[in-house]
A.B. asks: 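This structure is in structure tokens; I'll ask about it shortly.
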Amino acid sequence: MSFLTCYVSVRHFRSTCSLYKEVLRTLKGRKTSSQEWLKRQFSDPYIEKAKLANYRCRSAFKLLEIDDKYKILKPGDIILDCGASPGSWSQIAVSRTNADKKDIKKKSGIVIGIDLKPVYPVDGAIFLNNCDFTEQSTKEKIIKILQEKIKSEDEQHVDVVLSDMAPNATGIKEMDHTNIIKLGYDVVRFGLTVSAVNGILLVKIWEGSQSKKIFDDISRFYNDTRYVKPQASRSDSAEIFILATGFKGIKR
Ligand SMILES: C[S@@+](CC[C@H](N)C(=O)[O-])C[C@H]1O[C@@H](n2cnc3c(N)ncnc32)[C@H](O)[C@@H]1O
């Protein structure tokens, strides 16, 4: 082991120990649910990995895993990132589509992120902050950006529609499921109007009674549809992604 590796390991061990002591101190006197949350945060390797890689949150690894396996993001692609805050999926989308034009030899893409909350800027991405995706005015804004960027009246050029959107969870499983399915259908419907032929859709849902219905509805419009549960998605979470590739296109 080199001096540097040894030095880094010792520093990491020390900081982990002090963090552990801090966690134990913080856990004292807290409600069980808060204790569970803190314990999960402390033992979650993806949180530390996200910090080291400069990603804004652990969700980054879900998209990285999906993209590494299914190759959904390519240089030059046009991406819609629905529910973009705090911005880790947009960070990945920008770098994989070359939207920041870092590689002058490759085509550069376009990444448009939308969220109810503000998103701190990501070089190369365009954000519609404080915007509710379900509102018509937001969709009009997205279409306007697309038309301006592509310099065409026709907006059916989006290569990948991503949705990691999640409504505020109430804790009532069936109600949360219904709410996320509603959001999912909104993304699917809009996706059908803006996607290019052969486009891709990746949408998050929480599993429940309506999962099969939305899955079947999506499959009618795409050549291949599948469920994807990346390892970075917590195994005790109902979260699952529907990945649909090869959009067949729709006649207007
Ligand atoms: C799990 S977070 C997304 C994390 C993001 N993929 C990332 O990697 O940084 C879900 C986001 O969906 C957003 N969201 C929920 N409902 C929305 C809606 N109707 N319109 C826009 N954003 C919404 C929330 O504000 C939240 O920031």
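As the structure lists them, so they are numbered: ligands from 1, and atoms in each ligand from 1.
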A.B. asks: Are F221 and F247 an aromatic pair, judged by ring center distance below 6.0 Å?
C.D. replies: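 Distance test on ring centres: not under 6.0 Å, no.
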A.B. asks: I'd like to know if D217 pairs up with R220 as an ion pair, taking the criterion as any Lys NZ or Arg NE/NH1/NH2 lying under 4.0 Å from an Asp or Glu carboxylate oxygen.
C.D. replies: yes
A.B. asks: List every atom of ligand 1 that sits less than 4.0 Å from any heavy atom of C57, numbering the atoms from 1 in the order shown and giving each element.
C.D. replies: 7 (C), 8 (O), 9 (O)
A.B. asks: Students should be able to answer this: which protein heavy-atom is nearest to atom 19 (N) of ligand 1, and at what distance?
C.D. replies: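 Ranking protein heavy atoms by distance from atom 19 (N) of ligand 1, first comes D132 OD1, 2.8 Å.
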A.B. asks: Among A166, S85, P167, which residue places a heavy atom closest to atom 2 (S) of ligand 1?
C.D. replies: S85
A.B. asks: Within the structure, does D164 bring an N/O atom to less than 3.5 angstrom of an N/O atom in ligand 1?
C.D. replies: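 For ligand 1, there is an N or O atom that lies under 3.5 Å from one belonging to D164.
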A.B. asks: Charged N to carboxylate O below 4.0 Å: is that the case for D176 and K173?
C.D. replies: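 Result for this pair is no, no salt bridge flagged.
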A.B. asks: Please state which option from C82, G83, C131 has its nearest heavy atom closest to atom 21 (C) of ligand 1.
C.D. replies: C131
A.B. asks: Identify the closest protein heavy atom to atom 8 (O) of ligand 1: which residue and atom is it, and at what distance?
C.D. replies: S88 OG, 2.5 Å
A.B. asks: Taking the six-membered ring of F61, is the NZ or CZ of K49 close enough (under 6.0 Å from the centre) and on axis enough (within 45°)?
C.D. replies: yes
A.B. asks: For ligand 1, is there an N or O atom under 3.5 Å from any N or O atom of L183?
C.D. replies: no
A.B. asks: Considering both backbone and side-chain atoms of G87, is one of its nitrogen or oxygen atoms within less than 3.5 Å of a nitrogen or oxygen in ligand 1?
C.D. replies: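 Between G87 and ligand 1, an N or O pair is found under 3.5 Å apart.
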A.B. asks: Taking 4.0 angstrom as the limit and counting only heavy atoms of S59, give me the atoms of ligand 1 inside it, by number and element.
C.D. replies: 8 (O)
A.B. asks: With a 4.0 Å cut-off on N to O distance, would you call D67 and K74 a salt bridge?
C.D. replies: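 Salt bridge: no.
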A.B. asks: In the protein, what heavy atom is nearest to atom 14 (N) of ligand 1, and what distance, to one decimal place, separates them?
C.D. replies: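 Checking every protein heavy atom, the shortest distance to atom 14 (N) of ligand 1 gives M165 CG, 3.9 Å.
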A.B. asks: How far is atom 20 (N) of ligand 1 from its nearest protein heavy atom, and which residue and atom name does that atom have?
C.D. replies: F133 N, 2.9 Å
A.B. asks: Cut-off 3.5 Å, side chains only: do E174 and S209 have a donor facing an acceptor?
C.D. replies: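 Their side chains do contain a donor-acceptor pair, which is all the 3.5 Å distance test asks for.
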A.B. asks: Is it true that the NZ or CZ of K139 lies under 6.0 Å from the centre of F133's six-membered ring and within 45 degrees of the ring axis?
C.D. replies: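 K139 over F133 ring: yes.
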A.B. asks: If you measure every N or O of K204 against every N or O of ligand 1, does any of those distances drop under 3.5 Å?
C.D. replies: no
A.B. asks: Let me confirm one number: the CG-OG1 distance from N198 to T245, rounded to the nearest 0.5 Å.
C.D. replies: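 Atom-to-atom, N198:CG and T245:OG1 are 8.5 Å apart.
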A.B. asks: Using heavy-atom distances, let me know which of L116, D81, D115 sits nearest atom 24 (C) of ligand 1.
C.D. replies: D115
A.B. asks: Of the side chain and backbone of S90, name the one, both, or neither that has a heavy atom under 4.0 Å from an atom of ligand 1.
C.D. replies: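 For S90, there is no contact with ligand 1 at all, from either part.
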A.B. asks: Let me have the donor-acceptor pairs involving side chains of residues 120-131, under 3.5 Å, with sequence neighbours excluded, atom names and distances please.
C.D. replies:
unit_1: N129; atom_1: OD1; unit_2: V119; atom_2: N; d: 2.8

